[in-house]
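In what follows, a single structure is set out as structure tokens and then discussed.
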Number of protein chains: 2
Amino acid sequence: MPGPISDERNRLDREALLDAAERLFYERGVQAVGMDELRTASGLPLKRIYRFFPTKEALVVAMLRRRDQRWRKALADHVEQVPDPRDRVLAIFDWLAAWFAEPGFRGCAWINVFGELGSSSDAVLAEVRSHKQAFHDQIATWVHATGLPLAEPVRLLAEGAIVTAGISGDPAPANHARKAAASLLKHPDHQPKSTCAHPKSAIDSSLAET
Amino acid sequence: MPGPISDERNRLDREALLDAAERLFYERGVQAVGMDELRTASGLPLKRIYRFFPTKEALVVAMLRRRDQRWRKALADHVEQVPDPRDRVLAIFDWLAAWFAEPGFRGCAWINVFGELGSSSDAVLAEVRSHKQAFHDQIATWVHATGLPLAEPVRLLAEGAIVTAGISGDPAPANHARKAAASLLKHPDHQPKSTCAHPKSAIDSSLAET
DNA sequence: TAAGATAGAGAACGATCGTTCTCGACGTCA
DNA sequence: TGACGTCGAGAACGATCGTTCTCTATCTTA
């Protein structure tokens with residue numbers, strides 16, 4: 001059935017290619033998966049793969065960008081259905097706990113690809129930084145709604161939990177991070193009204209960020 | 001000057017090889033550095049390299065193991081000269097800040113190598129897990145000296161700071177993590193004697209670990 | 001001094017990589 | 001109907017990888 005390929009089929013095939021790339025690259029690493037294996041997994045001829053993406057590097061960047069959109073949307077959908085601002089921040093760690101427990105979980109795709117290509121591909125490095133910045137901004141938005149200057153601690157606890165769970169294969173860091181975040185959110189220095197007066201009851205400026 | 005090579009020279013050459021491997025692998029990644037480049041950098045013939053280590057994988061593992069010893073000793077030397085238990089925990093983050101500011105800093109060597117080889121080399125994966133476990137145990141020892149159940153939060157803040165500083169290239173996460181750790185250590189729930197009585201002044205068991 | 005062993009330098013090997021090219025098959029349109 | 005264009009399948013290409021082998025030169029030892 002030669003002849004021009006419809007836009008609709010191009011769209012579907014491109015998605016299927018990105019699906020295969022995302023799965024294989026995450027499971028085994030970028031450099032461990034060759035273009036031939038990607039051809040087999042996607043069912044697309046090499047010629048069409050190279051029409052979609054001129055190089056493997058471009059395919060990696062596109063895969064990361066699409067995963068970023070899906071990943072952060074799934075996180076936001078879970079977190080933003082929680083009404084209370086402080087519980088909303090804690091919901092980040094509930095979502096992480098569910099992610100860590102998924103079969104095949106192998107840590108953060110962006111951290112992993114940074115280890116592989118961060119020093120040899122500027123385009124991949126930029127995509128990793130872009131994702132981490134967007135993740136940070138998302139967290140900062142939710143944390144600022146609590147009125148507490150805890151965006152950086154929450155971000156670092158989340159990153160630490162992701163990397164530790166990924167390497168150890170144990171989802172427990174999500175709960176540890178959640179409890180630490182809860183403790184920070186309940187810190188009396190951050191409570192609007194304390195049941196008794198402390199010598200320094202004002203907002204502790206030692207936690208101010210930037 | 002053929003003839004048998006002295007044990008002393010074998011020792012020195014082996015160290016020089018590991019030096020070159022550690023530097024190149026950290027700078028550019030394991031898979032991006034070939035054995036030929038290692039030969040050039042170390043000045044050793046390929047034959048002797050393969051006498052020291054039968055495969056590249058064995059060389060990577062040996063490099064990681066030696067780096068683990070050096071890295072954790074440098075951390076311990078800095079931290080354990082601080083007498084006060086709480087300040088000692090905070091000194092972890094001071095050491096991290098100095099590390100992040102070093103020229104050529106590119107994140108955690110073990111996290112990076114996990115992204116590259118974690119799914120394809122069991123030996124490397126075991127070495128990465130061993131290092132992370134040892135790092136955790138070291139932190140737990142120092143934190144337990146404070147009497148506070150904060151080993152997991154401190155570990156996650158440290159890991160989060162390392163990975164965030166590595167990707168962003170900005171050493172600031174060390175200070176953010178330090179302030180968060182200081183806040184947890186000063187949490188009134190953890191103070192032996194408070195200046196006033198809280199409804200729940202007992203040690204907050206919600207922070208208990210494991 | 002002659003024989004044997006081991007060193008170093010680098011060529012060679014087989015495999016695999018990302019990428020491009022060949023080629024027969026089948027649509028579209030004058 | 002016949003020339004043209006685009007398709008899929010996979011061979012081919014040049015580079016590079018980890019690893020092994022060849023060959024010569026020098027040391028040690030009887």
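The shown structure was predicted, so the numbers you read here are calculated from the model rather than taken from an experiment. So that the names make sense, note that chain A is the first sequence line, chain B the second, and so on, each numbered from 1.
When distances run from any side-chain atom of A:Ile5 to the nucleotides D:dC7, C:dG18, D:dG18, the shortest one goes to D:dC7. Closest to the side chain of B:Tyr50, from the set D:dT20, C:dC17, C:dG8, is D:dT20.
In this entry the distance linking CZ of A:Arg39 with P of C:dG18 reads 13 Å, nearest Å. Here D:dC17 presents its P atom at 15 Å from CG of B:Leu59, a figure rounded to the nearest Å. Atoms NZ (B:Lys56) and C1' (D:dT16) sit 11 Å apart, rounded to a whole Å.
Shown for residues 40-48 of chain A: residues whose heavy atoms fall under 4.0 angstrom of DNA chain C, namely A:Leu46, A:Lys47. The stretch residues 10-38 of chain B has no heavy atom under 4.0 Å from DNA chain C, so no residue of it qualifies as close.
Take B:Asp137 and apply the side chain to side chain donor-acceptor pair (under 3.5 Å) test, not counting sequence neighbours, and it matches B:Gln133.
Cation-pi check for A:Arg67 over A:Tyr26 is met; the charged atom lies under 6.0 angstrom from the ring centroid and within 45 degrees of its normal.
A:Leu185 pairs with exactly one of A:Val143, A:Leu150, A:Asp87 by the side chain to side chain contact (heavy atoms under 4.5 Å, CB included) rule, that one being A:Leu150.
Across all non-hydrogen atoms, the minimal contact from B:Ala145 to B:Arg88 is CB-NH1, 4.0 Å. Contact record, A:Phe53 with A:Leu17: CE1-CD2, 3.7 Å, taken as the closest heavy-atom pair.
Using a cutoff of 4.0 Å between basic side-chain nitrogens and carboxylate oxygens, A:Arg23 and A:Glu27 are scored as salt-bridged.
Looking only at atom types and distance, the side chain of B:Ser121 has a donor-acceptor partner in the side chain of B:Glu57 under 3.5 Å away.
Contact of the A:Ile139 side chain with the A:Val89 side chain is not registered, since no non-hydrogen atoms from C-beta on lie closer than 4.5 Å.
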